[in-house]
S.K.: 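I am attaching a structure below and will ask some questions about it afterwards.
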2 protein chains.
Amino acid sequence: MTTINDIAKMANVSRTTVSRVLNNNGYVSEEVRKRIIQIVEETGYIPSLSAKSLRTKKSGVIGVIIPRIDTETASRVVSGINEVVAKENFQILLTDTELDKQKEIEYIRLLQSRHVDGIILLATNINDHLISTIQDVELPFISLGQDLPGVTSILYDDYHAAVDMINMLVSKGHERIAFIGVSEEDPSVGVLRKKGYLDALAKYGYAVKDSWLETGDFSIESGYEAMKKIIKNSDKELPTAVFVVTDRMAIGAMEYLREQGFRIPEDVAVVGIGASTMSQYVTPSLTTVDYFNKEAGQKAAQLLLEQLKQKKEKEKFVQTYRLIKRDSV
Amino acid sequence: MTTINDIAKMANVSRTTVSRVLNNNGYVSEEVRKRIIQIVEETGYIPSLSAKSLRTKKSGVIGVIIPRIDTETASRVVSGINEVVAKENFQILLTDTELDKQKEIEYIRLLQSRHVDGIILLATNINDHLISTIQDVELPFISLGQDLPGVTSILYDDYHAAVDMINMLVSKGHERIAFIGVSEEDPSVGVLRKKGYLDALAKYGYAVKDSWLETGDFSIESGYEAMKKIIKNSDKELPTAVFVVTDRMAIGAMEYLREQGFRIPEDVAVVGIGASTMSQYVTPSLTTVDYFNKEAGQKAAQLLLEQLKQKKEKEKFVQTYRLIKRDSV
DNA sequence: CTGAAAGCGCTTACAG
DNA sequence: CTGAAAGCGCTTACAG
């Protein structure tokens with residue numbers, strides 16, 4: 001492999017000088033510069049960024065930890081992150097926990113050993129081990145989607161999005177509203193969205209039957225199963241609407257309702273969260289909340305880049321959202 | 001930052017010995033090993049993989065180049081790659097060309113300078129500059145989805161998938177079949193799928209009207225627009241079916257047809273390729289081809305890992321596929 | 001079983 | 001304007 005030393009020899013200069021023209025800093029005579037550049041091109045020399053990074057303590061790599069890459073939410077976020085960092089010539093080192101909590105912690109350590117310049121974490125839960133691991137990280141660190149104590153976090157407004165959704169359903173005359181959520185290990189999706197739902201209904205004084213509350217695991221199938229349970233267990237007190245905390249599970253719920261001959265929205269209205277592409281093209285089109293995932297990713301990347309330039313206070317940013325009314329209500 | 005030297009001092013041994021216990025090779029007395037391990041844990045020492053990589057010439061990182069991360073195809077492939085490489089403790093360095101051909105070449109060079117151990121490319125086109133750039137790469141290199149000369153390639157069976165689809169439509173009685181493709185700069189999606197369509201129809205002796213041929217740019221909207229043009233320009237010779245080379249464009253085409261009051265499939269049948277999640281949940285559900293993208297990603301990763309262990313001949317692998325018949329036909 | 005030394009490919013004060 | 005030297009944090013023959 002060609003190294004800076006080879007180039008130096010071929011150009012009859014020191015590697016110091018080669019380094020100067022490569023990085024475009026320091027004085028180099030025009031003549032020498034040209035000679036070196038020509039040799040670099042002829043040889044197809046590619047500098048070793050590992051060596052550079054060892055020396056400069058900067059890698060130009062951002063570590064990203066996501067729960068699953070093959071979901072629309074995650075891929076939008078990653079796309080947003082990439083757009084921003086690529087402009088500054090950073091790349092993404094991608095790690096996928098496959099929903100394994102333990103791996104979130106492992107990957108935080110791994111990314112440090114790989115000398116990334118900063119880390120963006122899309123967490124799915126909060127626990128003490130995770131938090132203490134993050135405290136020890138000396139790199140810029142951004143949490144996206146979960147409010148991690150002591151960490152700069154970009155948050156979706158889960159609580160208010162849920163409240164708005166319930167308000168909208170109530171304004172349409174619904175009083176019996178069921179709920180399909182996820183595990184409460186997930187503070188944002190599992191706890192906050194549920195709290196918004198419960199609080200909003202409580203405000204109106206509408207009761208929530210136990211049989212109307214089910215949880216899934218983010219998959220379409222689990223939405224289908226949850227809906228089935230709700231219908232089976234509700235006897236004559238069927239809900240007239242169901243609030244599902246993700247679009248995918250909402251699609252599953254719709255699927256079950258359709259199979260059973262319920263009309264949507266006449267018999268049961270269905271709403272989700274996420275503004276997936278699918279939500280727009282299913283029939284009836286799904287009422288949902290757009291969280292602007294890509295923009296959230298961009299924001300996370302921008303914050304990280306800023307922190308790279310100067311240490312900043314830890315802050316919390318709440319993203320805006322938009323309720324999209326469609327035909328499922 | 002703690003380094004191997006710090007650990008060595010604290011343990012009263014040489015850094016050679018520390019390296020030995022860290023990498024678990026060479027003889028170290030049990031007593032010394034324990035002492036070192038304890039100190040490593042106490043200090044939370046994280047070895048520098050950049051330094052290690054500079055020395056060993058191996059980074060444990062696989063470079064992946066994709067045209068867009070926020071598409072289902074790409075994210076499935078990346079997920080498949082990740083599953084396989086993560087098991088061997090490799091990570092993915094992700095680069096997204098955003099459909100910019102020039103960036104494919106830039107990123108190949110960049111990944112080399114970052115000393116990745118191998119590269120997987122999802123190309124969208126083939127050109128001389130790209131090919132010559134790849135020839136110069138001395139790392140294991142896999143192309144996924146395009147047949148690059150002289151490069152180990154994993155291919156979808158675009159030609160036969162298209163032929164099968166047309167055969168199926170013909171068997172349902174269709175003789176007037178329109179086509180929505182993409183730019184022929186893309187040999188796999190643009191050329192092969194179109195060739196399959198044309199050849200199959202020619203075999204039956206069915207004519208193809210010019211007004212039945214349109215192209216899009218992979219987006220849902222472009223499918224909508226292409227369908228619109230076909231309908232507008234076909235006057236009284238409307239097709240009874242349309243073969244769209246991607247699911248997303250097919251969804252757009254369905255959208256337009258529905259808006260115009262065409263019944264699917266009674267007035268016009270629609271088929272796609274890709275087996276997107278959406279294809280299953282739109283109404284009517286879309287007949288499509290499953291390319292098993294995730295498995296293709298896994299296969300690519302396995303091949304790369306094998307090549308890492310031993311140089312291999314360049315080979316071509318054609319993936320299997322499955323036609324999924326649904327209600328849009 | 002253990003250590004001293006060389007070296008991976010760079011950058012950066014420092015000196016001239 | 002240019003170069004010699006030191007050093008980033010590791011691993012690996014080699015010697016003992």
Side-chain angles (χ1 to χ4, degrees), chain A residues 1-37 39-40 43-61 89 109-117 138-139, chain B residues 1-37 39-40 43-61 89 109-117 138-139:
Chain A
M1 213 189 56
T2 319
T3 73
I4 196 171
N5 282 312
D6 303 327
I7 304 292
K9 266 180 216 151
M10 295 171 78
N12 270 318
V13 294
S14 73
R15 61 174 182 258
T16 310
T17 305
V18 177
S19 175
R20 283 201 187 95
V21 348
L22 254 26
N23 295 294
N24 225 337
N25 68 26
Y27 302 95
V28 180
S29 71
E30 201 46 37
E31 188 220 323
V32 172
R33 156 168 281 119
K34 276 189 184 147
R35 196 162 75 228
I36 292 176
I37 286 180
I39 293 176
V40 165
T43 53
Y45 163 65
I46 301 181
S48 160
L49 256 30
S50 329
K52 180 168 182 166
S53 134
L54 178 60
R55 180 59 223 246
T56 60
K57 304 285 161 204
K58 285 173 194 157
S59 62
V61 174
N89 295 316
R109 287 182 59 85
L110 176 85
L111 291 172
Q112 289 177 271
S113 76
R114 287 211 180 280
H115 286 292
V116 299
D117 290 336
E138 287 163 7
L139 302 167
Chain B
M1 215 187 58
T2 319
T3 74
I4 196 171
N5 282 312
D6 303 327
I7 304 293
K9 266 180 217 149
M10 294 170 77
N12 271 320
V13 294
S14 72
R15 61 174 183 259
T16 309
T17 305
V18 177
S19 174
R20 284 201 186 94
V21 348
L22 254 27
N23 295 294
N24 226 337
N25 68 26
Y27 302 96
V28 181
S29 71
E30 201 46 39
E31 188 221 323
V32 171
R33 157 169 278 119
K34 276 190 184 147
R35 196 162 76 227
I36 292 176
I37 286 181
I39 293 176
V40 165
T43 53
Y45 163 65
I46 301 180
S48 161
L49 257 30
S50 329
K52 180 168 183 167
S53 135
L54 178 60
R55 180 59 223 245
T56 60
K57 303 286 162 203
K58 285 174 193 156
S59 63
V61 174
N89 294 317
R109 287 182 60 85
L110 177 84
L111 290 172
Q112 289 177 271
S113 75
R114 288 212 179 279
H115 287 292
V116 298
D117 290 337
E138 287 164 7
L139 302 167

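Lettering follows sequence order; numbering is per chain, from 1.
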S.K.: So do A:T43 and A:D6 actually touch side chain to side chain, heavy atoms under 4.5 Å?
M.R.: no
S.K.: Please evaluate the base of D:dG9 for a donor-acceptor partner in the side chain of A:R55 within a cut-off of under 3.5 Å?
M.R.: no
S.K.: Go through the N and O atoms of the side chain of B:R15 and the base of D:dT11, and report whether any donor-acceptor pair is under 3.5 Å.
M.R.: yes
S.K.: Between D:dC14, C:dT11, D:dG3, spot the one nearest the side chain of B:R20, thanks.
M.R.: D:dC14
S.K.: Specify the separation, in whole Å, of atom CG of A:L54 and atom C1' of C:dT12.
M.R.: 14 Å
S.K.: Quick one: CD1 on A:I39 to CE on A:M10, what's the gap to the nearest 0.5 Å?
M.R.: 5.5 Å
S.K.: So, is B:S19 near the phosphate of D:dC10, with a side-chain N or O under 4.0 Å from OP1 or OP2?
M.R.: no
S.K.: How long is the line joining NZ of B:K9 and P of C:dA4, in whole Å?
M.R.: 13 Å
S.K.: Look through every strand shown and name the nucleotide pairing with C:dA13 as Watson-Crick or G-U wobble, where both distances are under 3.5 Å.
M.R.: none
S.K.: Can you tell me if the side-chain N/O atoms of B:K57 get under 4.0 Å from OP1 or OP2 in C:dG9?
M.R.: yes
S.K.: Between A:S14 and D:dG3, is there a side-chain N or O to OP1/OP2 distance below 4.0 Å?
M.R.: yes
S.K.: Report yes if a side-chain nitrogen or oxygen of B:S29 is closer than 4.0 Å to either non-bridging phosphate oxygen (OP1 or OP2) of C:dT2; otherwise report no.
M.R.: yes
S.K.: Can you check the B:I36 CD1 to C:dT2 C1' distance for me, whole Å?
M.R.: 10 Å
S.K.: Compare side-chain N and O positions of B:T17 against OP1 and OP2 of C:dG3 and report whether any pair is under 4.0 Å apart.
M.R.: yes
S.K.: With respect to the phosphate group of C:dC10, does any side-chain polar atom (N or O) of A:N5 fall under 4.0 Å of OP1 or OP2?
M.R.: no
S.K.: Please report the distance, rounded to the nearest Å, between CZ in B:R33 and P in C:dC1.
M.R.: 10 Å
S.K.: Between D:dG9 atom P and B:I46 atom CD1, what is the distance in whole Å?
M.R.: 14 Å
S.K.: Calculate the interatomic distance between B:M1 atom CE and D:dG7 atom P; express it in whole Å.
M.R.: 17 Å
S.K.: Could you tell me if the side chain of A:Y45 sits less than 4.5 Å from the side chain of A:L22, heavy atoms only?
M.R.: yes
S.K.: By nearest nucleotide on DNA chain C, pick out whichever of A:N25 and B:V32 is the more 5' one.
M.R.: B:V32
S.K.: In the structure I gave you, are the side-chain heavy atoms of B:L110 and A:N89 within less than 4.5 Å of one another anywhere?
M.R.: no
S.K.: Tell which nucleotide pairs with D:dA4, taking only Watson-Crick or G-U wobble pairs whose two distances are both under 3.5 angstrom.
M.R.: none
S.K.: In whole Å, what is the span from the CZ atom of B:R114 to the P atom of C:dC10?
M.R.: 14 Å
S.K.: Can you tell me the distance, in whole Å, between the CD atom of B:Q112 and the P atom of C:dC10?
M.R.: 14 Å
S.K.: Do A:T16 and A:S19 have side chains that approach each other closer than 4.5 Å (heavy atoms only, starting at C-beta)?
M.R.: no
S.K.: Are there over 12 heavy-atom neighbours, none belonging to B:E30, within less than 6.0 Å of that residue's CD?
M.R.: yes
S.K.: Strictly below 4.0 Å: does A:Y27 bring a side-chain N or O up to OP1 or OP2 of D:dG3?
M.R.: no
